[in-house]
Amino acid sequence: MATRWGVCSAGKISHDFTVALKTLPAQDHQVVAVAARKLENAQEFARKHSISRAYGSYEELARDPDIDVVYIGNIHPHHLSACLLFMNAKKNVLCEKPLAMNTKEVKEILDSAKRNQVFLMEAVWTRFFPVSMEVRRLLSHGEIGEVKMIRSEFGIPLLHRPRLVEKELGGGALLSLGMYCLQLVCMVYNGERPESIQATGVCLETGVDETVIVTLKFSDKRMAVFTYSSSIQLPNDAFIVGTKGTIQIPAWMWCPTSLVVNGKETQYPLPEPCLPLNFNNGTGMRYEAEEVRQCLIKGI
């Protein structure tokens, strides 16, 4: 039986997610409905993606009895209210990153998921790419020895986009860009907390962070350094350096399609989209969607 999706928000990321779903077998994934704050936006989205139901409010989507899981693709500051709405309606949720704006909001979302006994996952899509799975396999088998250093960068000129600049829209480079570098460090070091954190950067006049360099020190003399920026183009790759070798994740490290292990490169191509995409390698969201399906099947 297909996993029946509802899509919350008819924006750019929701478009790419819906296109990514179409690269998966139709018998496994089906988009049942889309909701937006304006009915005409939902209807246009539904026409473009051949979705049978369009709602002019999120509340209507929450009441739809034929939805197994809701993909939340609205802007950061609205994640809390959307998550609570759908989880209180006993809907499973895949929420775009960042899950929320601060620790207090995250705790509120997690408490709601537990209280309502529903599935909740933050859509950190990078974790589910074949490249990331191979990195975890290589590290678990000690292929590059003991990891001593991680270096990553994510920088794209995005100051023309209000969502990255305005504080009330959830602006700031950390929430949209830097978190990808940080999640890589957390993945490689198995979620271990660093012994020390040093960060130096600059902020915009709007009060949000623009460019930051972060140095993390871990136990046993292990380090991590990453740079992120919403104003300049960076190499956008990552290196994991061990005592016996090196793993390189070429650009773009947040949606990778190739991996270089001790100088040997392997390609992991993505399926072609049926419609133009808004973001690099957008069809790679298929992997997180399939992970959600597998978790629901297993009752996780």
Side-chain angles (χ1 to χ4, degrees), residues 5-18 20-21 31-46 49 51 53-64 67-116 118-125 158 160-180 183 204 206-209 230 278-279 282 285 288-289 292:
W5 291 86
V7 176
C8 169
S9 175
K12 293 180 179 180
I13 193 71
S14 295
H15 167 88
D16 284 14
F17 181 78
T18 304
L21 283 178
V31 180
V32 173
V34 59
R37 289 175 295 176
K38 295 182 179 179
L39 179 59
E40 54 266 34
N41 292 343
Q43 290 172 333
E44 175 60 27
F45 190 97
H49 295 282
I51 300 169
R53 303 176 201 173
Y55 298 121
S57 72
Y58 299 156
E59 288 76 13
E60 290 174 277
L61 182 63
R63 290 194 295 267
D64 191 319
I67 290 173
D68 300 312
V69 55
V70 175
Y71 170 78
I72 295 176
N74 56 7
I75 61 174
H76 312 343
H78 296 159
H79 286 179
L80 172 63
S81 59
C83 282
L84 296 182
L85 170 67
F86 293 114
M87 291 189 295
N88 285 334
K90 307 301 181 183
K91 295 287 191 290
N92 300 302
V93 166
L94 172 64
C95 180
E96 259 309 329
K97 58 82 199 164
L99 183 59
M101 294 299 295
N102 52 54
T103 303
K104 180 178 179 293
E105 289 187 0
V106 169
K107 185 178 185 303
E108 194 172 347
I109 291 171
L110 295 178
D111 288 345
S112 178
K114 293 175 183 176
R115 182 173 62 253
N116 289 293
V118 295
F119 173 84
L120 167 69
M121 190 172 91
E122 184 181 23
V124 184
W125 64 323
L158 293 171
H160 59 285
R161 295 189 180 180
R163 188 179 64 79
L164 268 293
V165 174
E166 302 298 331
K167 183 180 292 186
E168 54 272 18
L169 297 180
L174 175 62
L175 293 179
S176 292
L177 309 178
M179 57 77 55
Y180 285 109
Q183 74 82 25
L204 297 170
T206 56
V208 302
D209 55 307
S230 59
N278 296 295
F279 301 99
M285 285 189 277
E288 65 181 2
V292 169

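All heavy atoms count here, side chains included; hydrogens, waters and symmetry mates do not.
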From Glu59 CD over to Asp64 CG, what is the distance, rounded to the nearest 0.5 angstrom?
13.5 Å
Which atom of Lys167 lies closest to which atom of Gly207, heavy atoms considered:
CE-O, 3.8 Å
Is a side-chain donor or acceptor of Ser112 paired with a backbone partner of Ile109 at a separation under 3.5 angstrom?
no
With rounding to the nearest 0.5 Å, note down the distance linking CG in Asp209 to CG in Leu174.
5.5 Å
Can you check whether Ile72 reaches Glu96 side chain to side chain, under 4.5 Å on heavy atoms?
no
Note: Asp16-Lys12 ion pair, threshold 4.0 Å (strictly below):
no
Verdict with reasoning, Glu166 to Thr206, per side-chain contact (heavy atoms from CB on, under 4.5 Å)
CA-CA 6 Å; Glu166 302 298 331; Thr206 56; 4.2 Å; yes
What closest approach, in Å, do Ala123 and Lys97 show between heavy atoms, and which atom pair accounts for it?
O-CG, 3.8 Å
Could you state the interatomic distance from CZ (Arg163) to CD (Glu168), rounded to the nearest 0.5 Å?
13.5 Å
Separation between CH2 of Trp125 and CE of Met285, rounded to the nearest 0.5 Å
5.5 Å
One should read off an interatomic distance between Asn102 CG and His76 NE2, to the nearest 0.5 angstrom, of 13.0 Å
Between Asn116 and Asn88, does any side-chain donor sit less than 3.5 Å from a side-chain acceptor?
yes
What I'd like to find out is whether the side chain of Leu99 reaches to under 4.5 Å of the side chain of His79, using heavy atoms alone.
no
Within the structure provided, determine whether Leu175 and Met101 are in side-chain contact (heavy-atom separation under 4.5 Å).
yes
Should the pair Phe86 and Tyr58 be assigned to parallel (<30°), tilted (30 to 60°) or perpendicular (>60°) ring geometry?
tilted
How long is the span from the CE atom in Met179 to the CD atom in Glu122, to the nearest 0.5 Å?
5.5 Å
Could you check whether any side-chain N or O of Thr18 sits under 3.5 Å from a backbone N or O of Ser14, counting only pairs where one atom can act as donor and the other as acceptor?
yes
